[in-house]
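First the structure, in the form of structure tokens, and then the observations on it.
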Protein chains: 2
Amino acid sequence: MHIILVEDDAQLGAAIQRALERLAYTVSWLRDGREALIALRDETADLVLLDLGLPGKDGLDVLVEARRSHVTTPVIVMTARDGLQARVHGLDAGADDYLIKPFHLDELCARIRSLSRRAQGLAVNRIEVGALTLDLGTSQVTFRGEVIELTRREFALLQILLERAGKLVRRESLINSLYGLDNVVGDNALEVLVHTLRKKLGYDTVRTVRGFGYMIPREPA
Amino acid sequence: MHIILVEDDAQLGAAIQRALERLAYTVSWLRDGREALIALRDETADLVLLDLGLPGKDGLDVLVEARRSHVTTPVIVMTARDGLQARVHGLDAGADDYLIKPFHLDELCARIRSLSRRAQGLAVNRIEVGALTLDLGTSQVTFRGEVIELTRREFALLQILLERAGKLVRRESLINSLYGLDNVVGDNALEVLVHTLRKKLGYDTVRTVRGFGYMIPREPA
DNA sequence: TGCCGGCTTAAGAAGTGCTTATGGCGCAGT
DNA sequence: ACTGCGCCATAAGCACTTCTTAAGCCGGCA
């Protein structure tokens, strides 16, 4: 999952980026409003964290202009401006959620999770496919009723595959979501990860589509 | 589909080449501006990825000169972070799209897909012709409602034929798109490839036009 | 009949993915 | 700060698939 973070404060930006990357999100950190607008229009991100006090271009303007261009990417607005005034404006402008600084990272993560779920038209923070259950709130996975312990990377991989269950997910797409571009990763890192996941979930849950990628079938074969 | 990549940075160039080849594109990687101009003038590529900071000759000059020579090949310009200025110039000079470094490969691939489709006047990520469906997002092909497993080469061939469905596609054009310039390949590699594809899709989907090439008819005969 | 272009098949080469082992790194507990 | 442990990326060897080449075939046409 790819998140665009728009934040001009160096310290806060770095902290958020670090925290999110630790949760296996891929983060592109932009400091400038103009850049942010361009990036938003591309619609390559799954979610945008937008600070309102920006140089170059005000955050609200960015949001308004993006929505005017029919960009539907979920946006969480972050602002230091306390007060209901700014908040109302933010939601009017098309924000999906709202955080008032200072906030706890825990809270931010929870919002991200619920928003990315909601964006897929699901009400609950839980994905069930066949004998598999993945709970995004508690980060717990069960398989045939038993709780399975997964590492962060394994969890992230499984989440992507389950969100697109029944569809093939390209290698490239997986590598990008899991590792990002900057982090050029060895050729078989993904394969090793798939291997460890299969060890825990049985060897027929994740299907290989040679030359293209992987998928988890919606109906067990 | 054949892409010319013009990039002097060894690491980035290699990364992009690897990534694109993994997606079954054929990539010719050039490091020099002069070379790039020559290659562009040949018009053998379907798309060009052009870095602006180049030794030998500036990227923008290459682009301007190529356009002056009536080269219409789509060009995506890649430029460093600070280059908003350069971006405007790039589009003025005749670029079809641009990317700000560092960018995610996802983004690059999306641009490539949309650009190559725009060039053909198609809007969607899916091509349907007769009983055939080809989904570029998931790399899946269905024939008479059933999912067909294709290898990457077969997929690439089918994609080209479907994108030009109803029109004859010349042998050389196919070989060039599938194998690139450098990669000189035996003369019947294509025929073998067509053969395996026909085995999976039935023998009357791909029609041979003796002496010229192949085509997939828009209306089943 | 003989030639040319394309088809088919088989086999070796190249590529892709799986598996296991190894070592580095960060985090927690002392 | 030191140590132990778990996570994760890398590397190397193996199995299997896919690709290219080569060789022989068929059918149309002069």
Side-chain angles (χ1 to χ4, degrees), chain A residues 18-19 21-24 26 139 141 148-158 161 168-172 174-215, chain B residues 15 17-27 139 141 148-158 161 168-172 174-180 182-215:
Chain A
R18 215 179 321 118
E21 284 180 343
R22 208 175 296 159
L23 294 168
T26 308
S139 293
V141 172
I148 306 281
E149 296 293 330
L150 293 184
T151 68
R152 275 201 309 273
R153 281 255 190 270
E154 290 160 5
F155 188 86
L157 170 63
L158 183 60
L161 289 174
L168 168 66
V169 186
R170 284 169 181 272
R171 273 185 86 79
E172 262 314 307
L174 284 170
I175 289 176
N176 269 331
S177 299
L178 292 169
Y179 304 103
L181 172 63
D182 331 309
N183 232 336
V184 178
V185 87
D187 270 25
N188 76 336
L190 177 60
E191 287 150 33
V192 175
L193 187 60
V194 168
H195 177 65
T196 62
L197 186 61
R198 290 211 253 234
K199 254 200 231 171
K200 296 183 182 177
L201 299 178
Y203 286 81
D204 42 358
T205 40
V206 180
R207 244 188 57 207
T208 305
V209 182
R210 196 163 228 277
F212 295 97
Y214 297 91
M215 71 172 274
Chain B
Q17 182 176 41
R18 211 177 327 115
L20 293 179
E21 284 180 344
R22 216 176 285 163
L23 294 169
Y25 295 115
T26 310
V27 180
S139 301
V141 172
I148 306 282
E149 303 284 337
L150 294 184
T151 69
R152 265 193 304 180
R153 279 259 133 90
E154 290 159 6
F155 186 89
L157 169 63
L158 183 61
L161 290 175
L168 167 65
V169 186
R170 291 179 168 278
R171 284 183 75 82
E172 316 99 63
L174 283 170
I175 289 176
N176 190 29
S177 296
L178 290 168
Y179 303 103
D182 337 310
N183 231 333
V184 180
V185 87
D187 37 348
N188 81 333
L190 177 61
E191 287 151 31
V192 175
L193 187 60
V194 168
H195 179 238
T196 61
L197 186 61
R198 289 211 254 236
K199 255 201 227 170
K200 296 184 180 177
L201 298 179
Y203 285 81
D204 42 358
T205 38
V206 181
R207 185 176 301 168
T208 305
V209 182
R210 216 183 153 76
F212 296 97
Y214 298 90
M215 71 171 273

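Just so it is clear, the structure is predicted and the values come from calculations on it, not from any experiment. Order of the sequence lines sets the chain letters (A, B, ...), proteins ahead of strands, with each chain counted from 1.
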From the list dT20(C), dG17(C), dC19(D), which nucleotide is the closest neighbour of the side chain of Thr208(A)?
dG17(C)
Under 3.5 Å, side chain of Arg171(B) to main-chain N/O of Leu190(B), donor-acceptor pair present?
no
Below 4.0 Å: OP1/OP2 of dC7(C) and any side-chain N or O of Tyr214(B):
yes
In whole angstroms, how far is the P atom of dA11(D) from the CG atom of Asp187(A)?
10 Å
Looking only at non-hydrogen atoms, find the nearest pair between Leu178(B) and Leu157(B) and report the distance.
CD2-N, 3.8 Å
Expressed as a whole number of angstroms, how long is the span from Phe155(A):CZ to dG6(D):C1'?
19 Å
Whole-Å distance, Ile175(A) CD1 to dC8(D) P, equals 16 Å
Parallel, tilted or perpendicular: rings of Phe155(B) and Phe212(A) (30°, 60°)
perpendicular
Glu191(B) atom CD is separated from dC25(D) atom P, nearest whole Å, by 17 Å
What is the distance from CG of Leu190(A) to P of dC7(D), rounded to the nearest Å?
19 Å
Is Thr151(B) close enough to dC19(D) that one of its side-chain N or O atoms is under 4.0 Å from OP1 or OP2 there?
yes
Identify the two heavy atoms, one from Leu168(A) and one from Met215(A), that lie closest to each other, and give their separation to 0.1 Å.
CA-CB, 3.8 Å
Could you list all the salt bridge (charged side-chain N to carboxylate O under 4.0 Å, His left out) pairs where at least one residue sits in residues 201-215 of chain A, not counting sequence neighbours?
Arg207(A)-Glu149(B)
Under 4.0 Å from any atom of DNA chain D, heavy atoms only: list the residues of residues 193-207 of chain A that qualify, in numerical order.
none
Atom CG of Leu150(B) and atom P of dC19(D) are separated, to the nearest Å, by 10 Å
Closest-nucleotide mapping onto DNA chain D: is Asn188(B) or Asn188(A) further toward the 5' terminus? I mean the 5' end.
Asn188(A)
Would you please confirm or rule out a distance under 4.0 Å between OP1 or OP2 of dG6(C) and any side-chain N or O of Arg171(B)?
yes
Nearest-angstrom distance from the residue atom CD of Glu149(A) to P of dC8(D):
13 Å
Name the one of Ile148(A), Thr205(A), Leu150(A) that satisfies side-chain contact (heavy atoms from CB on, under 4.5 Å) with Leu197(A)?
Leu150(A)
Interatomic distance where CZ belongs to Arg210(A) and C1' belongs to dC16(D) [whole Å]
6 Å
Do any side-chain nitrogens or oxygens of Arg153(A) fall under 4.0 Å of OP1 or OP2 in dA9(D)?
yes
Can you see which heavy atom on Arg198(B) is nearest to which on Thr208(B), and at what distance?
NH2-OG1, 3.1 Å
